[in-house]
Amino acid sequence: HLIDTLVTQLRTVTDDDGATARFADGADETTVRARFVVGADGTRSATRALAGIALDDLCFDEPWLVIDAIVHDAARLPTINLQICDPARPTTCVLMGSGRHRWEFMLRPGETPEQATDPAFVAALLAPWNVEGAVEVERLAVYRFNARVAHRWRAGPVLLAGDAAHQMPPFAGQGMCSGLRDAANLGWKLAAVVAGDAPATLLDTYQAEREPHVRQIIALAMMMGRTVCELDPEIAAARDVQMIAARAQAGEMRPPAAALANGHLLAGSAAAGDYFPQFLGAAGERLDDVLGAGAWLLADAPIPTGEGGVRAADLSHPALAPFAAAIAEWLRTRDVPAVLVRPDRYVFGTGTPSDLQAAYRFATAAQSPVPDGAFIRESEMSIDGTYDVVVKSPMGERKSVLTVQSAGDRFTGTNAGDAGSFDVSGAVSGNTLTWQQKITTPMPMTLDMTATIEGDTITGSAKAGAFGSFPLSGQRTG
């Protein structure tokens, strides 16, 4: 009943007492009292406004006309999605599923929403596609593609999720995906707090875990958008030459991995913050379906019964038979005897079963994250070594060999690749390195580098100023 109504009043008392929300549906009003209120009410979130939460504007604002059409003759339509970087009129053509098609056309300076939605204007835009009679226009709308992030995702008992918490241009196709990741992260934490299994401060890890990845995705979408939305013919021509050359060298591009750098984790343990794989059996069985909801503790040897809502199983359990070999290999490559997986399928941490259960109890019940190094043996925390590293950007892959020698909270080393060998030095925090590195190709600039080492895996990012942040990944080789 409340799905299509508008929140008109939001009153909070205290974190413990909860919030009262008043909903209006025409002349009718409904008042709801709840321990928590989650505002997942979109870009113009009334919940966000009533909670007094401001937005950080990342300065991307482009108007586009969206045309949704009913398909009568699919044979006359493109069979793939198209992103046409034409400086005369940047255009997107999207397959929308059975019986639907969408076009998106960027409005040029001086064009108004009223002009763009005029039937004659729309017909002129669709004329080059030769689809008259093949489609019927169902809906027209002018959207402004923005990039914004809420300053706070939690205000006491009020939380934000999806477009209410962050907005991004659609060019990376990650808007709805980001909202789903919010829900997966927040849902189990709310359940634990409401059930009395965790303090309300567990909810503070929600923004700490999700915001860095959201900002990475927004930076990628803005970079892609600025590439697509270029209207200067000469700049666009140079862009095309560069992109075609880069495409010949680069592999498949993926959005930045949604790994967590901090929050409800056993920081410093191998793979903490990574997604745990969805292993499949030979007959198509899924590990998620077999183990069910909640946190898991999986080990390569018999283990005690799980505690505190954690389900425990070793690889000899009959239910794990279809996945035992794959899980064993995952543990072996990280040189760990057990892994504890959170309800949202992120790795809480790795280590011995007893240490993991103790750390999970501490992290869930504590008012602060697990201290770096707690519950972890020193031999598991070494970051010194040699790593094959790849930084992926839309212009191609940049491969190098990174050597690391740490001393306290600092490190030194080298980073050698196609552009030469460079001495590097920077800060160490737990198992995360940060440093600045100058490059000369494809243009001179300074990169802000961040790399987290978990076992034999290194992940992170290379931030190139206004060009955005690009994913870094690699493996230990020595």
Side-chain angles (χ1 to χ4, degrees), residues 1-57 144 146-168 175-215 218 263-264 293-295 308-309 342-344 363-369:
H1 171 68
L2 297 178
I3 295 297
D4 297 322
T5 62
L6 176 67
V7 183
T8 59
Q9 188 181 72
L10 189 64
R11 185 169 62 88
T12 63
V13 183
T14 68
D15 285 9
D16 293 329
D17 290 335
T20 300
R22 181 174 295 166
F23 298 85
D25 184 6
D28 298 329
E29 284 195 343
T30 303
T31 299
V32 175
R33 178 71 184 165
R35 175 78 185 277
F36 295 101
V37 172
V38 180
D41 46 349
T43 301
R44 298 179 179 87
S45 172
T47 307
R48 186 184 64 234
L50 291 168
I53 298 175
L55 290 169
D56 180 12
D57 192 334
R144 303 199 75 89
N146 297 122
R148 298 169 178 155
V149 179
H151 289 178
R152 294 179 294 150
W153 297 20
R154 181 189 178 206
V158 179
L159 298 109
L160 303 178
D163 285 353
H166 44 75
Q167 299 134 40
M168 62 191 69
M176 180 177 288
C177 294
S178 296
L180 292 173
R181 293 186 185 106
D182 291 347
N185 187 292
L186 183 58
W188 72 271
K189 296 175 182 177
L190 278 173
V193 173
V194 171
D197 296 331
T201 50
L202 177 63
L203 302 176
D204 293 333
T205 65
Y206 165 54
Q207 182 175 358
E209 291 179 353
R210 287 289 304 126
E211 183 178 6
H213 181 250
V214 163
R215 286 185 177 270
I218 291 175
H264 189 268
R342 301 183 343 176
D344 58 0
T364 303
Q367 301 294 311
S368 59

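For the single chain, residues carry numbers from 1 onward in sequence order. Here the structure is a predicted model, which means the values were calculated and not measured.
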Hey, which of Q167, R210, H213 is the one that makes side-chain contact (heavy atoms from CB on, under 4.5 Å) with S178?
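Going through the options one by one, the only one that passes is R210.
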Indicate whether any N or O donor in one side chain lies under 3.5 Å from an N or O acceptor in the other, for H264 and T364.
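Yes, a side-chain donor-acceptor pair sits under 3.5 Å.
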Identify whether the distance between the nearest side-chain nitrogen and carboxylate oxygen of D163 and R148 falls below 4.0 Å.
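No, this pair does not count.
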N-O pairing of K189 and E209 below 4.0 Å:
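Looking at E209 together with K189, the answer is yes, because their closest N to O distance falls below 4.0 Å.
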Give me the atom names and distance for the closest heavy-atom approach of [X] to [Y].
X: A192; Y: L202; value: CB-CD2, 4.3 Å
X: V193; Y: P199; value: CG2-O, 3.3 Å
X: I53; Y: A150; value: CG2-CB, 4.1 Å
X: W153; Y: V149; value: NE1-CG1, 3.9 Å
X: G18; Y: P157; value: O-CG, 3.5 Å
X: Y206; Y: L160; value: OH-O, 2.7 Å

Do R48 and L55 pass the side chain to side chain contact (heavy atoms under 4.5 Å, CB included) test, and can you show the C-alpha distance, the side-chain angles, and the key distance before you say yes or no?
CA-CA 9 Å; R48 186 184 64 234; L55 290 169; 3.8 Å; yes
The test is side chain to side chain contact (heavy atoms under 4.5 Å, CB included); show your working for F36 and L203 and say whether it passes.
CA-CA 11 Å; F36 295 101; L203 302 176; 3.4 Å; yes
Any side-chain heavy atom of [X] sitting closer than 4.5 Å to one from [Y]?
X: R154; Y: D204; value: yes
X: L186; Y: Q207; value: no
X: R342; Y: N185; value: yes

Atom [atom1] in [X], atom [atom2] in [Y]: separation rounded to 0.5 Å?
X: D56; Y: H166; atom1: CG; atom2: NE2; value: 13.5 Å
X: L50; Y: T47; atom1: CG; atom2: OG1; value: 7.0 Å
X: E211; Y: H151; atom1: CD; atom2: NE2; value: 9.5 Å

Taking G162's backbone N and O only, do any of them form a donor-acceptor pair with D182's side chain (distance below 3.5 Å, no angle check)?
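Yes.
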Given the rule in the side chain to side chain contact (heavy atoms under 4.5 Å, CB included) test, do T20 and V37 qualify, once you have shown the distances and angles that lead to the verdict?
CA-CA 8 Å; T20 300; V37 172; over 6 Å; no
